[in-house]
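In what follows, a structure is listed as structure tokens, so that the remarks can point back to it.
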Amino acid sequence: MKNFKKEKTLIIIKPDGIQRSLIGEIIKRYERSGLKLIALKMLVPDKNLTQKHYLIDPQWKQKTGQNTINAYRSHNETPPFSDPTKMGNFILDKLVKYFTCSPVIVMAWQGMHAVEIVRKITGGTEPKSSDMGTIRGDFTIDSYAIADTDKRAVRNLVHASGSPEEAEAEIKLWFKPSEILNYRLLNEEILYDVNLDGILE
Ligand code: ATP
Ligand code: MG
């Protein structure tokens, strides 16, 4: 727990977040949590970068493939593939199409419980069922049923790392070390200072 204030997470505002003019709205939600923004850039990802991003977790293809097969079956449709890895490849292709259609904004945020707090603010993967008060629940409307029928990726505005280990690998993929900024944010006094003896004059 020694470095708990330094936990990092990666957030991507996906093409629909940019094209829906939600950049400020989305960043505001993360910023007001108290976490610290330590890196930010705008770019158009290519196929290679998108594939590398999703394949950081060696289980991703199999896991997402299986979840997608289950999603098809739960709305009484036949999945295009019954093999999870093939289905994972299929979804990855759709994600490449989604990620490469527009600029995205990539950010690294830091602070205690950064990964969990950001996942909470972001909401569940499927906008139709993600909670109100979350970014995906409040600002968009997509569902697995429609995405799967249309054979495309779910459009859910943002990506957020799933674990601190995933975050570390993702940050390495999207940023050079020199792009990660080390600085003091005055907010951190009231969030982390144990003695609170630097405020009153
Ligand atoms: P992200 O990794 O983008 O933050 P997540 O961790 O909530 O999202 P994952 O299970 O990692 O969700 O899936 C990655 C992405 O793959 C989702 O954001 C979505 O765009 C797409 N996806 C996942 N499952 C499906 C599905 N059943 N149908 C269509 N697209 C899907
Ligand atoms: Mg994920």
Side-chain angles (χ1 to χ4, degrees), residues 8-20 22 26-27 29-30 35 45 47 49-102 104-109 114-131 134-174:
K8 295 176 184 58
T9 192
L10 185 99
I11 298 172
I12 302 174
I13 305 181
K14 294 177 178 176
D16 48 336
I18 308 290
Q19 300 300 329
R20 296 272 318 281
L22 288 169
I26 288 171
I27 293 180
R29 297 221 170 180
Y30 298 118
L35 293 172
K47 179 176 174 181
L49 190 56
T50 308
Q51 287 182 334
K52 277 192 177 152
H53 169 77
Y54 278 107
L55 296 177
I56 279 174
D57 171 5
Q59 303 297 316
W60 184 89
K61 244 185 222 179
Q62 156 84 26
K63 254 182 358 201
T64 310
Q66 188 59 59
N67 289 343
T68 307
I69 290 168
N70 298 344
Y72 269 88
R73 293 189 175 140
S74 74
H75 46 80
N76 293 323
E77 277 194 77
T78 312
F81 302 97
S82 51
D83 172 57
T85 308
K86 284 195 182 134
M87 191 70 216
N89 278 328
F90 178 80
I91 286 290
L92 188 57
D93 259 7
K94 307 300 160 196
L95 283 165
V96 167
K97 190 157 193 210
Y98 176 30
F99 265 63
T100 56
C101 79
S102 155
V104 301
I105 287 178
V106 193
M107 301 175 278
W109 289 79
V115 169
E116 268 185 81
I117 296 286
V118 163
R119 292 285 280 197
K120 181 183 71 168
I121 295 168
T122 302
T125 307
E126 185 196 35
K128 181 168 81 79
S129 55
S130 46
D131 291 334
T134 66
I135 291 169
R136 288 167 172 171
D138 285 355
F139 296 128
T140 195
I141 55 179
D142 206 7
S143 67
Y144 287 136
I146 305 296
D148 292 343
T149 305
D150 288 351
K151 300 200 172 20
R152 57 171 177 75
V154 168
R155 294 178 192 157
N156 54 12
L157 301 172
V158 280
H159 160 78
S161 307
S163 68
E165 297 71 37
E166 199 176 290
E168 202 184 306
E170 290 177 356
I171 290 169
K172 252 194 210 135
L173 176 68
W174 291 89

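Whatever order the structure lists them in is the order used to number ligands and atoms, beginning at 1.
Here Arg119 has side-chain heavy atoms under 4.0 Å from ligand 1, and that is the only part of it that gets that close. Neither the backbone nor the side chain of Tyr72 has a heavy atom within less than 4.0 Å of ligand 1. Heavy atoms of Asn67 found under 4.0 angstrom from ligand 1: none, in either backbone or side chain. Neither the backbone nor the side chain of Thr122 has any atom closer than 4.0 Å to an atom of ligand 1 (non-hydrogen atoms only). Contacts between Lys14 and ligand 1 below 4.0 angstrom, taking non-hydrogen atoms only, involve the side chain exclusively.
Interface atoms of ligand 1 facing Asp148, defined by a heavy-atom separation under 4.0 Å, are 26 (C), 27 (N), 28 (N), 29 (C). Atoms of ligand 1 found under 4.0 Å from any heavy atom of Tyr54, numbered from 1 in the order shown, are 2 (O), 3 (O), 14 (C). Using a 4.0 Å cut-off to heavy atoms of Trp60, the atoms of ligand 1 that qualify are 11 (O). In the vicinity of Thr68, heavy-atom distances shorter than 4.0 Å reach the ligand 1 atoms 24 (N), 25 (C), 26 (C), 27 (N). Residue Arg152 has at least one heavy-atom neighbour below 4.0 Å for each of these atoms of ligand 1: 29 (C).
At a 3.5 angstrom cut-off on N or O pairs, Ala160 counts as close to ligand 1. In terms of polar-atom proximity, Asn156 is counted as a contact of ligand 1, with an N or O under 3.5 Å from an N or O of the ligand. The shortest N/O to N/O separation between Tyr144 and ligand 1 does not fall below 3.5 Å. Any N or O atom pair closer than 3.5 Å counts here, and Ala153 shares no such pair with ligand 1.
From the protein, the heavy atom lying nearest to atom 7 (O) of ligand 1 is Thr125 OG1, 2.4 Å. The protein atom (non-hydrogen) at minimum distance from atom 22 (N) of ligand 1 is Ile91 CG2, 4.3 Å. Scanning the protein heavy atoms around atom 23 (C) of ligand 1, the nearest turns out to be Thr64 CG2, 3.8 Å. Of the protein's non-hydrogen atoms, the one nearest atom 30 (N) of ligand 1 is Val154 N, 3.1 Å. Taking atom 16 (O) of ligand 1 as the reference point, the nearest protein heavy-atom neighbour is Leu95 CD1, 3.5 Å.
Here the side chain of Asp150 pairs no donor or acceptor atom with the backbone of Arg152 at under 3.5 angstrom. For the pair Thr100 (side chain) and Val96 (backbone), a donor-acceptor distance under 3.5 Å is present. With hydrogens and angles disregarded, a donor-acceptor distance shorter than 3.5 Å links the side chain of Arg20 to the backbone of Phe139. At least one donor-acceptor pair under 3.5 Å links the side chain of Arg119 to the backbone N or O of Ala160. In this structure, the side chain of Thr64 does not engage the main chain of Lys61 through any donor-acceptor pair within 3.5 Å. With Arg155 contributing its side chain and Asp16 its backbone, the two residues share no donor-acceptor pair below 3.5 Å.
With sequence neighbours excluded, the residues satisfying ring pair (Phe, Tyr, Trp, His ring centres under 6.0 Å) with His53 are His159, Trp174. Residues passing the ring pair (Phe, Tyr, Trp, His ring centres under 6.0 Å) test with Tyr144, sequence neighbours excluded: none.
Seen from the ring of Phe90, Lys94 counts as a face-on cation partner, given the 6.0 Å and 45° thresholds.
A ring-centre distance under 6.0 Å is found for Tyr54 and Phe99.
Other residues, nucleotides and ligands contribute over 12 non-hydrogen atoms within 6.0 Å of the CD atom of Glu77. Within a 6.0 Å sphere centred on CD of Glu126, other residues, nucleotides and ligands contribute more than 12 heavy atoms.
Of all the listed residues (Arg136, Lys151, Glu166, His159), Arg136 holds the heavy atom that lies closest to atom 8 (O) of ligand 1.
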